[in-house]
J.: 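This is the structure I have questions about; it appears just below.
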Amino acid sequence: MKLTFLGAAQTTTGSMHLLEACGKRILLDCGLYQGHRKEAFERNRNLAVDPKTIDFVILSHAHIDHSGNLPQLVKKGFRGRVFARGQTIELCDVLLRDSCFLQNRDLEYVNKKRRAQGKALFEPLYEERDVDALMQLMTPIHRHVPTEIAPGITVTLFNAGHILGSALVQIDVTGGKGHHHRILFSGDLGQPNQPILQHYEYPEGADIVLIESTYADRLHPSAESVQDKLEMLINKVDRHNAKLLIPAFSVGRTQQIIYFLNRLHAAGKLPKIPIYIDSPLSRKATEIYARHESCYNEEALAVLREGKSPVMVEGMKFISTPQESMALNDQPGPMIIIAASGMCEGGRVVHHLKQIVTDPWNVILIVGFQAENTLGRRIVEERNPIRILGEELPLNARVETINALSAHADRDGLMDWYDRVGKRVKHAFAVHGEPEKVEAMRKLLVEHGAPDVRAPVPGQTFMFE
Ligand SMILES: [Zn+2]
């Protein structure tokens, strides 16, 4: 048996690992690398495997850095099946189409310049018809149901508590000489006790563990009261007929914010205020969250028993067209706008920002990690004046942050998980992290008793008897 680390090795994106066992070649995830445009462009185009030689893919969850290169795999000749939980398949159907649209719009812009310079044009990475073809290959696996995908290879999926449908992937491999290995891949591990979704699980007995390292060297701030802060800010904008703008990722974070608004409403603490969810992708993702009650935790189920959906709130309206979105600019407050994208790098949130930054009564609430060189980061740093769509504007609006909503477990969460799943581990691999995080994870795994610990580099292969 052979394991090769192809992506998300010494970095956080482009998750892809190759397992070769029982004569089959199986990919764990097939994600897009996300980073500087030129580098990402090169890396994503040059798949590290020949798609025609791959028999199956097992997908941990729908995020683009785990699923986003699957359509290209299909475009270049992969014809096997892609196994994932049903919720992941539904989310991929909307996320991959959205990603395809954004990429190709970007590419048009690049090609326009190249055409003017007389240079050869770039082909799209994939097109919508490739997503259609991929969806035909996607095959649901139910949680906790061991599924033999080939003789000697059985896959079982467990909750990873990260986003809807996210899974821990357990693969049992039984070789010809009766050798048995149990591989456990964490995918992205969620933060314990997050709203809406069930907690991650602890499948036992693995001898090989692949563990993510995104936040291996840090602890999340203790659960500040998200609800109290939201209440305070909403009351403030309500009093001044102002606007509260929340940039949020469409999958996961948007539904969490809606959930907290729902709880404020139930407690009689939400003033009558319009709430606009301004992103077609957020609407689709929220509808998928609303359908999958079987993934809810106890608190979310209690909301259902009150006769309400935990991902809906009174006063909430989805904004569909760009015209409706622009019209919000002329509409007087008070109002809450939840808009994509989460790091303010594109999408509708940008024109809202441009309109609201200059008014001191408005509030911008940052609820997620903001990477360097993004508009979101410049807002968190309160750069004044602030450059938005090429224009320098005074940043007069109040900027607030909530840091308690990470989708990834921190150091203590990761090690709580490892201590329970890793009792029989012989080989542990730290993946999905920047080099210093992976190194922190490597040290933690050694401290926690793992006998053989590796932090693989891209392309590195390991053999197992
Ligand atoms: Zn993820």
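Numbering of ligands and ligand atoms starts at 1, following listing order.
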J.: Which protein N, O or S atoms sit under 2.8 Å from the Zn ion (ligand 1)?
T.: H61 NE2, H63 ND1, H162 NE2, D188 OD2
J.: First locate atom CG of L233, then atom CD1 of I364, and finally report the distance between them rounded to the nearest 0.5 Å.
T.: 12.0 Å
J.: Test of understanding: with side-chain contact (heavy atoms from CB on, under 4.5 Å), list the residues that count as partners of N104, not counting sequence neighbours.
T.: C100, P124, E127
J.: Check for me whether R45 meets the cation-pi criterion with F41, that is, NZ or CZ under 6.0 Å from the six-membered ring centre and within 45 degrees of the ring axis.
T.: yes
J.: Please determine if R454 forms a cation-pi arrangement with F429, meaning its NZ or CZ atom is less than 6.0 Å from the six-membered ring centre and no more than 45° off the ring axis.
T.: no
J.: Checking R253 against F249: charged group under 6.0 Å from the ring centre and within 45 degrees of the axis?
T.: no
J.: Regarding R81 and the six-membered ring of F56, is the cationic atom NZ or CZ under 6.0 Å from the ring centre and inside 45° of its axis?
T.: no
